[in-house]
Amino acid sequence: MMEKRIVIIFLILFYTNTINAQEKLLDILPLEDGRVTYSGVVQVNDVSRSQLYNNAKRWFIDTYTSGKDVIQLDDKESGEIIGKGYFEEVWMVTAYSGQNVNVWQTIKVQMKDGRYRYEITDFRMKYIVPASNYTRATEIDLPIEEWNKGRDKNNAKFYPKIDSHVQDMISSLEKVMKSSEGDDW
C-alpha cells in the first residue's frame, strides 16, 4: 500500500512539473502553440484605461521611428493597439562574417482600468543574402521557428540577442504604462 502511494505521489509530481514547464525554442525563446510568443498581464493600479491607451500609443511612437507606420489597429474604444515593427540584430553567419537581420514582430496591447495585456508574436526573419560570383541576391523572409533550421549551435548564439531585445521592449513598455499622468513640465 505504501509503495502504491509513493508511485501515485511521484506521478502527480511528474505530471505537475510537465504542465508547469514552459516550452522554449532551443531553451531560449518562449513558445506558445509552437510559435515564439512573449505575453503577460500587468497590473498598474490607479491608472485608467484611457491613460493606459495614451501611454501605449506614446510607447509605440517612442519605440519605433514612425509609430504611424507601425500601428495596424488603433481602437481607443476597445482599448487595443496592434502594431508590426522590427529591430535589427547582427547574426554571425561565421566566426568572421555577420549579417544584419531585421527581426519583425507583431505587438498587441490591450488595456482595461488598472491593467494591460501584451503579446509579442509572429516573429519573422528578413534580410538579403548578397549576390556572389555563383548566385543571385536572395531575399530571406521566414518565420523564426522555420529560420536557419539545422543550425542549432549557431542559433543558440543568436537567439539570446533576440530575447534580450524583446525583454528590453517589455521593460520599456512596463515603465511607460506605469505612468499615471502626462509629462508634468
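In the hydrophobic clustering of ILVMFWY residues, with side-chain heavy atoms under 4.5 Å counting as a link, L31 and V103 come out together. Hydrophobic clustering places V70 together with V176 (ILVMFWY residues linked when any side-chain heavy atoms are closer than 4.5 Å, directly or through intermediates). Note: the hydrophobic cluster containing W104 does not contain I128 (ILVMFWY, side chain heavy atoms under 4.5 Å, direct or indirect links).
Shortest non-hydrogen contact noted between E145 and G34 is CG-O, 3.5 Å. The minimum heavy-atom distance between V93 and N154, with the atom names listed, is O-ND2, 3.5 Å. For R49 against D113, the heavy-atom pair with the smallest separation is N-OD1, 2.6 Å. Across every non-hydrogen atom of E174 and Y116, the tightest pair is CA-OH, 3.2 Å. Summarising the geometry of S39 relative to E32, their closest heavy-atom pair is OG-OE1, 3.7 Å, with the distance given to 0.1 Å. Nearest heavy-atom pair, Y64 versus G85, reported as atom, atom and distance to 0.1 Å: CE2-CA, 3.7 Å.
In this structure, F158 and V101 have side chains that are in contact, with non-hydrogen atoms separated by less than 4.5 Å. Residues K24 and V36 have side chains not in contact (no heavy-atom distance under 4.5 Å, counting atoms from C-beta outward). R58 places none of its side-chain heavy atoms less than 4.5 Å from the side chain of Y53. Side-chain contact between V47 and R115 is absent, with no heavy-atom pair separated by less than 4.5 Å. At a threshold of 4.5 Å between non-hydrogen side-chain atoms, the residues V166 and F87 count as touching. At a threshold of 4.5 Å between non-hydrogen side-chain atoms, the residues S164 and D168 count as touching. By the 4.5 Å heavy-atom criterion applied to side chains, F60 and D74 are not counted as neighbours. Side-chain contact between E146 and P143: present, with at least one pair of heavy atoms (C-beta onward) separated by less than 4.5 Å.
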Applying side-chain contact (heavy atoms from CB on, under 4.5 Å) to M92 and K157, what does each step give before you reach the verdict?
CA-CA 9 Å; M92 294 307 294; K157 294 177 184 175; over 6 Å; no

Just do the side-chain contact (heavy atoms from CB on, under 4.5 Å) check on I144 and L29 with the steps written out, would you?
CA-CA 10 Å; I144 194 168; L29 302 176; 3.6 Å; yes

Before giving the answer on side-chain contact (heavy atoms from CB on, under 4.5 Å), spell out for L173 and V109 the whole-Å C-alpha distance, their side-chain angles and the decisive distance to 0.1 Å.
CA-CA 10 Å; L173 176 63; V109 182; 4.2 Å; yes

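Between atom CD of residue Q43 and atom NZ of residue K178 there is a gap of 11.0 Å, rounded to the nearest 0.5 Å. Here the CD1-CE distance, from I120 to M169, works out to 4.5 Å after rounding to the nearest 0.5 Å. Taking CG of N102 as the start and CD1 of I140 as the end, the distance is 13.0 Å to the nearest 0.5 Å. Rounding to the nearest 0.5 angstrom, the gap separating the CD atom in E119 from the CD1 atom in I82 is 9.0 Å. Here L26 contributes atom CG and N155 contributes atom CG; the two are 6.0 Å apart, rounded to the nearest 0.5 Å. Note that CE of M177 and NZ of K175 are 15.0 Å apart. Values are rounded to the nearest 0.5 Å.
Screening D122, T121, T106 against T37 for a side-chain hydrogen bond (donor to acceptor under 3.5 Å, both in side chains) leaves a single residue, T121. A side-chain contact (heavy atoms from CB on, under 4.5 Å) with W59 is found for exactly one of I107, N54, I81, namely I107. For the side-chain contact (heavy atoms from CB on, under 4.5 Å) test with E80, the passing option among K108, M111, R117 is K108; the others fail.
Note on ring orientation: taking the six-membered ring where Trp is involved, the planes of Y127 and W147 are perpendicular (angle over 60°, cut-offs 30° and 60°).
Counting heavy-atom neighbours within 6.0 Å of K84 NZ, excluding the residue itself, gives a total of 12 or less. Within 6.0 Å of CG on N100 lie more than 12 heavy atoms contributed by other residues, nucleotides or ligands. Surrounding CG of D33 are at most 12 heavy atoms belonging to other residues, nucleotides or ligands under 6.0 Å away.
A donor-acceptor pair is defined here as one N or O able to donate and one able to accept, closer than 3.5 Å; such a pair exists between the side chain of K161 and the backbone of V90. A donor-acceptor contact shorter than 3.5 Å links the side chain of N55 to the backbone of S179. Judged by distance alone, the side chain of D75 and the main-chain N or O of S78 form a donor-acceptor pair under 3.5 Å. Proximity of a side-chain donor or acceptor of S97 to a complementary backbone N or O of T94 within less than 3.5 Å is not detected.
A salt bridge (Lys or Arg N to Asp or Glu O under 4.0 Å) check over residues 126-143, counting only residues at least two apart or in different chains, returns the pairs R124-D141, K126-D141.
Checked by atom type, the side-chain pair Y38/D163 shows a donor-acceptor distance below 3.5 Å.
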